[in-house]
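Residues: numbered from 1 along the sequence shown. Read the numbers this way: they start at 1 and go in the same order the structure lists the ligands and their atoms.
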Amino acid sequence: MQTETFSYNDEQFADLQMLRYRVDGFERLALRQKELIYYLSEAALSGRDILWDQNGKYNLRIRKTLETIYTDYPGDRDSKDFRAFTVYLKRVWFSNGIHHHYGCDKFQPEFSETFFREAVQQVPAEKLPLEKGQTPQTLCDLLVPILFDPDVMPKRVNQADGADLIQTSACNYYGTDVTQAEAEAFYSKMKEAGDPHHPVMYGMNSRLVKTGGRLEEKTWKSGGLYGAAIDRIVYWLEKATEVAENEKQAAVIRKLVEFYRTGDLKTFDEYTILWVQETEAQTDFTNGFTETYGDPLGLKASWEGYANFKDLEATARTEKLSANAQWFEDHSPVDPRFKKADCKGVSAKVIKAAILGGDLYPASAIGINLPNSNWVRAAYGSKSVTIGNLTDAYNKAAHGNGFQKEFVIDTETQQLLDRYQDLCDDLHTDLHECLGHGSGRLLPGVDPDALKAYGATVEEARADLFGLYYLADPKLVELGLTPDAEAYKAQYYGYMMNGLLTQTVRIEPGKDIEEAHMRNRALIARWTYEHGAAEQVVELVRKDGKTYVRINRYDRLRELFGELLREIQRIKSEGDYAAARELVERYGVKVDPALHREILTRYRALHLSPYKGFINPAYTPVYDKDKKITDVRVEYGEAYDAQMLRYSRDYATLPYTNE
Ligand code: ZN
């Protein structure tokens, strides 16, 4: 018997580490399921260009230019410039554009402008993304400031309080002459005119532009903006309907196709309602305009897609949580006015991702809860997943890398983490996704977008706090989910260490915390640290010139999580914008420069990458002589650059310019 050698860790560059994930169990699926996953994978890869264009209007042209240099540059490929260029391209691939996937800042190339201009002149012109009348020279004139000038398109998503967030963000969701005030007025008017009880996701699937001084939406649909990519997605989705696991699933996919054809947001809601109610099939997918983190106003949804199948064993764990959803809701420290009387439909499962696409590739979430429409969630519930094979790859890759040894305060705490942290991490993700996001309710008449730019941070904090609070609950031991009453301490320690200290390894010196999940973690950790200071619940202690977190009173820390959960839920339920702003700006944004420097120095000495992403497996159908699929093979060996170039070749669905 031959054993395939499999390494979870792949190449490392800049602040990034590439990982591989396994799709164990795929071979054992029925042929029909394998075929379904194959078609859904193709659909998930076919929208890649949409995301690139959403992330910035020059990204597709830049990608083609850089890839042509990468494959065809005839000069010295070992020169300092070319090596720096390679790292730059790998970062651009990773971010689906020229801005950091997480921090949103534009990458500063470490190769020279001269190198770039000469390289463009030296590669075959027919391989460059030249438009009518354009020469390699004028292409360079267009791209050079975009790549090299730090003042041009400096941020993909700007969240700095006080600025015009649209004008100062480089994402391609609004015309260049549209202001934040105009966009906000446009959408509040649309909301007012709409159905207040069943509001659609206004603005979700369009670019807002000004034509002749008037604002109008350019809808992403078949025949509209991004139509060519959408038609390819539809082609694969239609194939998928033929091998769907059941009639309900076929109806889900058909409804999605209808949405892609019409761009009608009511149809989108109908689709999500069908999707959330289809819980019997083992295979499932997401495909479409989904998360709004890439829009400073939180309206426009970036394109993502993935296919997955249920891990039956691990799902037993999350089903226990879901079955007890009402118990958790009833016993939470939240004011009864903000609780759900009827906590329903939180379906939860552990899945294996089979492919990652769009905004889930190569960096991916490990837990996903959809749909995002508040009224659909309230009326029909939501589907919640934890992606077990990705978590597993993270854990395996992190084993013994020295990180905890450097930052954890003592061996006793280290042993606590060794023993319980993997388990608690999974459980915290389950609680966050299955129960946290699904808990609570808005008071009648409260606008779900009332918290505006602070909405995402508050929502993540709500879900995290729900998870933290309940990890320590005896109910989890009773349900057999945690082995004993000590286990939660591992998560509490890890969470506080991350929120107070180590998550700042992802921030450049002098910068603020911008990303919603990071703001939420800082908010929770610093708020509880400050509010427990008089009782020394959590301390920051110095040993040999290094700062560590010490938790003296885990039980009291749990109460503080409960208090903050209560307040965060109030803010959400009442739509208290002023309070949200005050909390987030005070605890979630700023970084202590001296402490930050120390953490970065200690972290750099470990030579680890703060961000990780995944190389996809490749699926190849096996055909018989009548062109019928008889099997689908899964392979893991593809290199990062080979995969990116293959995707750019095989899934180039859009023109370079999409106006
Ligand atoms: Zn979340």
Can a cation-pi geometry be assigned to [X] and [Y], taking NZ or CZ under 6.0 Å from the six-membered ring centre and within 45° of the ring axis?
| X | Y | answer |
| --- | --- | --- |
| Lys300 | Tyr174 | yes |
| Lys572 | Phe338 | no |
| Arg506 | Tyr102 | yes |
| Arg48 | Tyr361 | no |

Exercise: do Asn308 and Asp284 side chains pair donor with acceptor under 3.5 Å: no

Within 6.0 angstrom of Arg419 CZ, more than 12 heavy atoms from elsewhere: no

For the Zn ion (ligand 1), every protein N/O/S atom that sits closer than 2.8 Å, waters excluded: His432 NE2, His437 NE2, Glu460 OE1

